[in-house]
Amino acid sequence: MGDHDTTTHDVDAVSSAPITPRPASVDAVSSAPITPRPASVAPTPPVAHTPPIVSLPPSQYHSPSLSRSPLLTPGGTNRKTPRIIRTPRFITPLGSPLRKAIKLTKLDPQDAWLPITESRNGNAYYAAYHTLCSGIGIQALVLPVAFTILGWTWGIIGLTLAFIWQLYTLYLLVQLHESPENGVRYSRYMQLASATFGEKLSKFLVAFPIMYLSGGTCVALIVIGGSTSKMFYQTLCGATCSNPKPLTNVEWYLVFTCAAVVLSQLPNLNSIAGVSLIGGLTAVGYCTAMWIVSVSEGRLPNVSYNPVRASTEIARIFDVLNALGIIAFAFRGHNLILEIQATMPSSEKHPSSIPMWRGVKGAYLIVAMCLFPIAIGGYWAYGHMIPANGGMLAALYGFHSRDVARGVIGLISFFVIVNALSSFQIYGMPMFDDMESNYTRRFKKACPWWLRVIIRAMFGYGCFFVAVAIPFLGSVAGLVGGLSLPVTLAYPCFMWLKMKKPKMYGASWWVNWGLGVLGMGLSGILIAAGIYVVIETGIQVSFFKPH
């Protein structure tokens, strides 16, 4: 377009005809005056095989993560790409600023081979299933512990503010997934981080937190799933259990890992939508059952709601920071939002952000209905007597194992195990995607099925090895968690500022700068608090001796 020469398909047929200058832009074609053809010149014969005018939605352009789509291959796979691409006059306002800038680029074929973008037939329901499964988990059971330090008023205020904050950053990520400004669709958190902070800085700031949130969560799920499997067996077996050689903790970890590895062979993120649905429902099930059982059994004798106070001022400050960290870490899954949205089809008229946000709102409505009752109800039932490590699960076993029917305790344990298995799949999927991308990038083809089996088995048993070899990893979870906090609360705000460029000193500018700086400051304080706790309490370094 623009000042390029007119391309012809038959030079001999038009060599004697006068050349009419091409209009300055495609949009001016319809309004330019028509130059009359001289009577002495024979009409130009029709050009055979004239390539059709193709219009591609801007939201599909330049994407580092596109899969096969009918929109991308008009007329079949054998049709040649036309030289001239014109944007029609009826294009929507979203694409109108891009008419002169759009260029058809070579699509990255790797995305059709990788687990996250292999299938793009997702919808709002699938998004809700994945978001619910990744957004609620065993970390919610520790929320009453934060209330023992903050008390009723500040505990509820802190939980409410954290919920609103993380829901806002979720909205930012959903809107940033596809960029009308440059026509790019970011299907992975690291891709958006690289576009925002640059390749080198994003690896320094984002790569480790993302790896920890995926791999570290899978390690924690093996510990939780294995330990709960042991309790589930003991609950079913009861006092009449006569097994002379019960399984050890390590063996229960291995049983859980084997089940997780078998389930991880489902090929892509869309294929585990049913697994995520089951995981989300079981999470809702055990959260609801725990607070209902705890409240129905009544408050413990001599329960107190006075906030726990440490002996020194510095210790009190770090206790408050630890409580805020517990609340902040209860909201996870932001590192998976872009990947979940990548499973949806998207076009200019039907962007994926609309059904994605609908699914997120539905999922987090259910999340709120679980987190607030379990935090408030659990604190009401146990007060300062709730165990600091296990939270509601440990309190249920410790205080009500004899009062509550064995079937109820067994059902809650079963729900925890199923939820851990389901969460392992969605948190492991970004790691599968990254490992398989190394193969596809080198060999320019999809991973064969046998290699995919090996890769996922290696990841699962690697997490099992870490869970067994470093059982004290949970002691430094607050320290490492401080490093991953910006992924949820701070980075999305800076991404919005860089990609959307809101008006300086406007409301959006101030809100995102304020939340971004506050999130980074909170992260730094939590890291300092984690270091203080490690120095003050110490760590029992016991390799290969899980409790």
Test your reading of the model: is there a side-chain donor-acceptor pair from [X] to the backbone of [Y], 3.5 Å cut-off?
X: Arg188; Y: Ile116; result: no
X: Tyr253; Y: Phe465; result: no
X: Trp380; Y: Val295; result: no
X: His334; Y: Gln166; result: yes
X: Ser214; Y: Met211; result: no
X: Ser202; Y: Gly198; result: yes
X: Thr343; Y: Ile340; result: yes
X: His384; Y: Thr148; result: no
X: Lys203; Y: Lys200; result: no
X: Trp291; Y: Pro373; result: no

For [X] and [Y], work out which heavy atoms get closest and say how close.
X: Ser346; Y: Ser352; result: OG-N, 3.3 Å
X: Cys463; Y: Ile222; result: CB-CD1, 3.6 Å
X: Glu178; Y: Pro351; result: OE2-CB, 3.1 Å
X: Ala381; Y: Ser294; result: CB-O, 3.7 Å
X: His130; Y: Ser276; result: ND1-OG, 2.8 Å
X: Ile224; Y: Thr228; result: O-OG1, 2.7 Å

For [X], is the [atom1] atom crowded, meaning more than 12 foreign heavy atoms sit under 6.0 Å from it?
X: Phe414; atom1: CZ; value: no
X: Trp154; atom1: CH2; value: no
X: Phe399; atom1: CZ; value: yes
X: Tyr126; atom1: OH; value: no

How many angstroms lie between [atom1] in [X] and [atom2] in [Y], if you round to the nearest 0.5 Å?
X: Leu172; Y: Asn512; atom1: CG; atom2: CG; value: 5.5 Å
X: Leu266; Y: Ile272; atom1: CG; atom2: CD1; value: 7.5 Å
X: Leu132; Y: Leu281; atom1: CG; atom2: CG; value: 7.0 Å
X: Leu143; Y: Cys370; atom1: CG; atom2: SG; value: 11.5 Å
X: Asn270; Y: Tyr129; atom1: CG; atom2: OH; value: 12.0 Å
X: Ile317; Y: Glu313; atom1: CD1; atom2: CD; value: 5.0 Å

Classify the ring geometry of [X] against [Y]: parallel below 30°, tilted from 30° to 60°, perpendicular beyond 60°.
X: Tyr364; Y: Phe163; value: tilted
X: Phe432; Y: Phe459; value: perpendicular
X: Tyr305; Y: Trp152; value: tilted

Is there side-chain contact between [X] and [Y], with heavy atoms separated by less than 4.5 Å?
X: Phe147; Y: Ile386; result: no
X: Arg185; Y: Ser179; result: no
X: Lys503; Y: Ser508; result: no
X: Pro144; Y: Tyr382; result: no
X: Glu339; Y: Ser187; result: no
X: Met356; Y: Thr131; result: yes
X: Pro115; Y: Arg456; result: yes
X: Ser227; Y: Phe232; result: no

Steps toward side chain to side chain contact (heavy atoms under 4.5 Å, CB included) verdict (Ile157, Leu150): CA-CA 10 Å; Ile157 291 175; Leu150 299 175; over 6 Å; no
inquiry  = Run the ring pair (Phe, Tyr, Trp, His ring centres under 6.0 Å) test on Phe197 and Phe204 for me, step by step, so that the C-alpha distance in whole Å, both residues' side-chain angles and the decisive distance to 0.1 Å come before the verdict.
reply    = CA-CA 10 Å; Phe197 306 115; Phe204 176 75; over 10 Å; no
In terms of side-chain heavy atoms, does Asn335 have a donor or acceptor partner in Tyr212 at a distance below 3.5 Å?
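Side chains of Asn335 and Tyr212: no pair found under 3.5 Å.
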Does one side chain, of Gln425 or Ser264, offer a donor that lies under 3.5 Å from an acceptor on the other?
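Short answer, no.
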| Hey, mind stepping through Tyr186 and Leu176 against side chain to side chain contact (heavy atoms under 4.5 Å, CB included) and telling me if it holds? | CA-CA 8 Å; Tyr186 302 102; Leu176 288 171; 5.9 Å; no
Item checked: Verdict with reasoning, Asn419 to Tyr286, per side-chain hydrogen bond (donor to acceptor under 3.5 Å, both in side chains) -> CA-CA 9 Å; Asn419 173 255; Tyr286 70 69; 3.2 Å; yes
> Would Trp513 and Phe494 count as a close aromatic pair, with their ring centres under 6.0 Å?
Replying inline: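 Yes.
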### Message
What verdict does the side chain to side chain contact (heavy atoms under 4.5 Å, CB included) test give for Thr160 and Ile164, after you've listed the backbone C-alpha separation in whole Å, the side-chain angles of each residue and the deciding distance to 0.1 Å?
### Response
CA-CA 6 Å; Thr160 304; Ile164 296 173; 4.1 Å; yes
Run the side chain to side chain contact (heavy atoms under 4.5 Å, CB included) test on Ile426 and Leu269 for me, step by step, so that the C-alpha distance in whole Å, both residues' side-chain angles and the decisive distance to 0.1 Å come before the verdict. CA-CA 7 Å; Ile426 191 168; Leu269 193 55; 4.2 Å; yes
Could you check whether Arg442 pairs with Glu436 (Lys NZ or Arg NE/NH1/NH2 to Asp/Glu carboxylate O, under 4.0 Å)?
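Looking at Arg442 and Glu436, the cut-off is not met.
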Quiz item: Would Ser353 and Gln341 satisfy side-chain hydrogen bond (donor to acceptor under 3.5 Å, both in side chains), going step by step from the backbone distance to the final call?
Solution: CA-CA 8 Å; Ser353 58; Gln341 194 170 348; 5.1 Å; no
